[in-house]
Peer 1: 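First, the structure itself, so that you have it in front of you.
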Amino acid sequence: MALIELENVSLSYPIYDAQARSIKQSLLSKVGGRVTDHQGRIDVEALHDISLSLRTGDRLAIVGHNGAGKTTLLKVLAGIFEPPQGRVVIEGTMSSLTDVTMGMDLDATGQENILMRCVFLGMTYDEAKKNLPEISDFTELGEYLSLPIRTYSTGMLVRLGFAASTATRPEILVMDELIGAGDMAFAAKAQARINDYVSSADIMVLASHNNGILRQFCNKGLLLESGRIREFGPLEEVLAEYERVSGKELEALQ
Amino acid sequence: MKSGVSSVSEPGSDVAPEPTVLERAINDIGQGALQWRIWSVLAMFDMRARYRRSKLGQFWVTISMAVTICALALVYSAIFKVAVSEYLPWVAVSFIVWGLIASLINDGATVFIDSENYMRSSSLPKSMYIFRMLARVTLTFAHNLVLVPIVLLIFLIPPTWASLLFLPAFLLAVINGFSIALVLGTLCARYRDLPPVVSSIVQVAFFVSPVMWGRAQLGADHHVLIDWNPFAVFLELMREPLLGNAPEGQKWWVALGITIVGLLFSIPFFARFRARIAYYI
């Protein structure tokens, strides 16, 4: 049984620009006696007092404008960010997919990259080897799999990353935009695989700007506005509210 | 390093002093160690990746080390007016051990920066990346260590029971490498100017530590460079057993003291800033 529990989570996101990162800057700002916010660091409150609980069967869609805190919330739900305020409980094996080609070694062969990814996603080396033929077949890359992936086209890289990343079956799945893959012929195959991948997860959280995709995969919705929960409930109600809010803003603009 | 520590501390307003941060850090370290399947495979691939397109692969590590040692031995035995047969085995072991110390510090400093790709999208324990680094450094060191028995055989230096003392000395060095990575890895993720600073310090440490020269080459006035130099302590503790000698007993206590103080400082430090590393990278 997987579960996610957030209780009064607030998170300020420190922005470290190139200048604020250097010691010189920290020293100079002290020497000069100039008081800036937290030594040249700007804090942006990305999430404010978020409480939410997800159980097996929940398929949560996160919607909101750019900068509403969607990605930050996803990172909290995926356990990447540990918020300084509030309580977070996450139980279950987790996979958070943002970039399917994340961390690939360009000089390693396709096969090596598949093995590395599978191990990183929690398989043993032997399990990864056992899964290798199935993943290899799926990519349809054939002979290319024994070449370094620097020789691949972008489309081929995505195929490889997609096939390897969807080889495990995590209990909790957190995605920023639905991962997809490749050309038209491959897209149909990828669609079937992603359906299977998503439906085998106990809990799924997906942020997307595409309401069609959200309707296809999700049953609950959460509307974020400036880091606060504006609406949390059945998907259709949340989407309706989101459309209403967006519509109002459009009107105001016109 | 002290100034770096104080300038990184941030006002307590945004990080409430929760009593559990230390427990979480210790949990992170325990969980990280348990992920040995991942870090051992990653370390193996790291090692391969460096010598990807070459025929001899990772054995270039061994070969380039052998060439360096021969060159060093020829030049410095002439400068110091010592017989090559006496100097070469000594400098060979010395240089190989220094290689371990230097890469523990340098790679420890960049441990989180090097793994940022993974860290940005994975909730795996942060310490896992440190274990990955330690495994990679150990693996590289093992490739160099192959040269030691060869050198000893050529110069007919027999191993003794004291040689076994290398193992605890190595273990102490790796534990300190872990502490260094906890502190420097975190600081370097926050302040990107630090990695070059660290590598220059390591470079200077190489010259002021008895790697290429020994007590004999140093005037009596300068023994402080050996007696009060933490690098020298670990260097000697690993070098002497490999040459078949037992290190001075007192050095063990110094090394043990450094290790304990290091852990007592590094773990709370890591605990304090661990959650922030995700924002730094």
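Here is how names work: the chains are called A, B, and so on, in the same order as the sequence lines, proteins then strands, and each is numbered from 1. Since this is a predicted model, take the numbers as computed values, not measurements.
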Peer 1: Check each atom of B:I277 against the heavy atoms of chain A and say whether the ones under 4.5 Å are side chain, backbone, both or neither.
Peer 2: neither
Peer 1: Pick from B:S122, B:A278, B:A275: which one has the most heavy-atom pairs with chain A under 4.5 Å?
Peer 2: B:S122
Peer 1: Mind ranking B:S115, B:S123, B:S40 by heavy-atom pairs under 4.5 Å with chain A and telling me who comes out on top?
Peer 2: B:S123
Peer 1: Examine distances only and state if a side-chain atom of A:S200 and a backbone atom of A:Y197 form a donor-acceptor pair shorter than 3.5 Å.
Peer 2: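 Present.
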Peer 1: Do the side chain of B:T110 and the main chain of B:I113 share a donor and acceptor less than 3.5 angstrom apart?
Peer 2: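 Side chain of B:T110 to backbone of B:I113, a donor-acceptor pair under 3.5 Å: no, none is there.
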Peer 1: Go through the atoms of A:F120 and report whether side chain, backbone, both or neither lie under 4.5 Å from a heavy atom of chain B.
Peer 2: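 Answer is both: backbone and side chain atoms of A:F120 are under 4.5 Å from chain B.
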Peer 1: Inspect the contact between A:E134 and A:R193 and indicate whether a charged nitrogen and a carboxylate oxygen are less than 4.0 angstrom apart.
Peer 2: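 Between A:E134 and A:R193 there is a salt bridge, with a charged N closer than 4.0 Å to a carboxylate O.
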Peer 1: Counting distance only, does the side-chain N/O of A:N113 pair as donor-acceptor with the main-chain N or O of A:D105 below 3.5 Å?
Peer 2: yes
